[in-house]
Amino acid sequence: MNGKKGSINIDIPPSSSPVTKEQNSPAISPEKYWISEVWKFAKDDTNRVTFALKVGLAVLLVSLLILFRAPYDVFGTNIIWSILTVAIMFEYTVGATFNRGFNRALGSLLAGILAIVVIQVAITAGHFAEPYVIGFSIFFIVTSFMKQWPSLVEYEYGFRVILFTYCLIMVSGYRVGNPIRTAMDRLYSIAIGGLVAVLVNVLVFPIWAGEQLHKELVNSFNTVADSLEECVKKYLKDDGSENLEFSKTVTDEFSDEPAFKKCKATLNTSAKLDSLANAAKWEPPHGRFRHFFYPWSEYVKVGAVLRYCAYEVMALHGCLHSEIQAPYNLRCTFQSEILDVTTQAAELLKTLGKDINLMKLNLQKSLLKKVHSSTERLQRSIDMHSYLLTSNLHLYDPSKPQNSRLSFNLKDSATLNSDTNETNAQQDQLSYHEAMRKQQIRLHSWPSREVDEFEDESVGVDLIPRMRALESTAALSLATFASLLIEFVARLDHLVDAVDMLAKMAKFKQEVIS
């Protein structure tokens, strides 16, 4: 498309040569750079350091059973199974450790019982038939098939443990003088390792999955609210004076929009919330979550509804950085209404997040009314100035009935008269055309035409229709932005209902706000 009239050059920078801060900063040694990265990684989440130290402590405790002579004389080399159990069982959160421990304990117990039964059958069958009985049992063990059953998927690790433990006990214990005693010693060692892993994880700076889930959801509310305010304020503030030409470099990183990056991360929290909720189900009552059968699944549902709101924020962000933009003075026409809706919606989001954080059931009737009232004012303002957004761009005729989506009871409607409307409409249209012409000269980004073409074709017959088509297309981008904002408010109703259901099922402390 290079060199052709009416085309756009889009240069995508290669990923192998990005401009980073490190390239502009003085060279540092690899050791210092590595230390700084590790320090930053640990500082972002101090629980990472706590988890690493807890794993080391648990492994050290079971290793003492080998390092000291007395326990080694009792268990012998079978104590190595305790170390393996700690390494396999120990998870980041308490709930995940309980889940893994249950699967490990149940799997090892079933594998041990199955091994003892098969060994007894093999001994009864005679010395000649022993290897055939053991080999037949290993081959036809059904755990690999059963773990694929839909209702048993969450116990997949337990089936894996059964297969792993059973095969090791049978094969390694076959040549031992007393295979039953060997199987029992290994089960004892596994139990010791599991007990140490659970005790260390619960008693030493416990990291609760429920608490992590609770904080993650609250942070998501604040992130979406901040990103909404950031996007809308930038859309209304940018008059194009600093962007003399549309950027033709494809990028999704904006250094002046810190909340945007966090909002993008919110869209990918589905798997994390599901994992934390599944782990939290295994945790006993703790901290602020003091009753059994806590509705952790409701947190996942609220997170899903919140992500739908985040999708709308990302769509608004796409309008902000789109190539086709409405002129600044046209955006100012709806500035107060758009800002009012944004402020009220962001306040409602932050209030809902605060209520979840404080575990309070607040019936946010007043905030909902404010958000709906602000949205209605925005919709009516769009209806009143719809002539600015239509393709014909005709003069506004107040005698024609307005097609309004909602019926509004506004006190100031009686003060409008037709003469004032027509005069204002003519002035708005003239200023609108002039602003559009200046914007085309400044941006000339869509369609990709040279600026001089508009000057050279000033005597052309089709110049005015073409200009009106371009103006209409640009003006509709503002209508798209406003409709996305209204859709965001519509989704807030579902979010409020989801939070209310969570508060009731979790038995939050009720506090009615009139």
Side-chain angles (χ1 to χ4, degrees), residues 213-229 231-232 259 262-274 276-277 294-319 337-338 340-379 405-407 480-508 510-514:
L213 177 61
H214 192 83
K215 292 180 180 178
E216 185 70 25
L217 186 62
V218 172
N219 292 336
S220 297
F221 273 88
N222 295 328
T223 296
V224 174
D226 293 339
S227 182
L228 175 65
E229 289 182 312
C231 178
V232 173
K262 295 181 180 179
C263 188
K264 282 204 309 181
T266 302
L267 300 178
N268 301 321
T269 58
S270 176
K272 183 176 182 180
L273 294 181
D274 287 337
L276 289 174
Y294 199 82
W296 299 114
S297 59
E298 292 299 318
Y299 280 81
V300 179
K301 295 179 181 178
V302 174
V305 179
L306 182 61
R307 280 195 302 276
Y308 277 101
C309 296
Y311 292 146
E312 293 297 327
V313 176
M314 297 301 293
L316 289 170
H317 190 273
C319 290
E337 292 85 355
I338 292 177
D340 191 24
V341 173
T342 302
T343 302
Q344 299 297 337
E347 182 182 357
L348 177 59
L349 277 173
K350 293 179 180 180
T351 303
L352 291 175
K354 183 179 179 181
D355 290 343
I356 295 177
N357 186 37
L358 299 177
M359 303 183 73
K360 292 183 178 180
L361 174 59
N362 292 335
L363 303 179
Q364 302 293 347
K365 295 181 180 179
S366 59
L367 286 179
L368 276 176
K369 289 180 180 179
K370 290 180 180 179
V371 174
H372 290 161
S373 299
S374 301
T375 306
E376 290 174 357
R377 284 194 295 271
L378 174 60
Q379 287 182 309
R405 289 170 51 189
L406 297 177
S407 297
T480 301
F481 189 89
S483 64
L484 287 173
L485 186 59
I486 294 172
E487 175 64 21
F488 178 85
V489 173
R491 296 190 179 190
L492 285 182
D493 292 337
H494 301 285
L495 183 61
V496 171
D497 293 339
V499 173
D500 182 61
M501 181 61 66
L502 168 63
K504 291 178 179 178
M505 296 186 65
K507 300 179 181 179
F508 287 176
Q510 186 169 359
E511 180 179 349
V512 180
I513 299 179
S514 57

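Quick note: residue numbers are just sequence positions, from 1.
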Atom of [X], atom of [Y] and distance for their closest heavy-atom approach:
| X | Y | answer |
| --- | --- | --- |
| C319 | F481 | CB-CD1, 3.7 Å |
| A345 | V371 | N-CG2, 4.0 Å |
| C263 | S227 | CB-OG, 3.5 Å |
| P295 | L502 | O-CD1, 4.2 Å |
| R307 | T269 | NH1-OG1, 3.9 Å |

Straight-line distance of [X] [atom1] to [Y] [atom2], nearest 0.5 Å:
| X | Y | atom1 | atom2 | value |
| --- | --- | --- | --- | --- |
| W296 | M505 | CH2 | CE | 12.5 Å |
| M314 | T266 | CE | OG1 | 9.5 Å |
| E229 | E347 | CD | CD | 9.5 Å |
| L316 | I338 | CG | CD1 | 9.5 Å |
| Y299 | S220 | OH | OG | 12.5 Å |
| L368 | S373 | CG | OG | 10.5 Å |

Within a strict 4.5 Å, meaning less than it, do heavy atoms of the [X] and [Y] side chains meet?
| X | Y | result |
| --- | --- | --- |
| L361 | D355 | no |
| S270 | D274 | yes |
| V496 | L348 | yes |
| V313 | H317 | no |
| F508 | M359 | yes |
| L306 | L349 | yes |

Output a table of donor-acceptor pairs, distance under 3.5 Å, between side-chain atoms of residues 482-493 and any protein atom two or more places apart or on a different chain; print 'none' if there are none.
unit_1, atom_1, unit_2, atom_2, d
S483, OG, A479, O, 3.2
S483, OG, T480, O, 2.8
E487, OE2, R491, NE, 3.2
R491, NH1, Y308, O, 2.7
R491, NH2, E312, OE2, 3.1
D493, OD1, H372, NE2, 3.0

task = Given salt bridge (charged side-chain N to carboxylate O under 4.0 Å, His left out), test K350 with D226 step by step and report yes or no.
result = CA-CA 9 Å; K350 293 179 180 180; D226 293 339; 3.4 Å; yes
ask   = Yes or no on side-chain contact (heavy atoms from CB on, under 4.5 Å) for L367 and T351, after CA distance, side-chain angles and deciding distance?
value = CA-CA 9 Å; L367 286 179; T351 303; 3.6 Å; yes
message = Going by the rule side chain to side chain contact (heavy atoms under 4.5 Å, CB included), which residues pair with N357 if we only count those two or more places apart in sequence or in a different chain?
response = H214, V218, R288
message = Once salt bridge (Lys or Arg N to Asp or Glu O under 4.0 Å) is applied, do any residues pair with K272, and if so which ones, sequence neighbours excluded?
response = E216
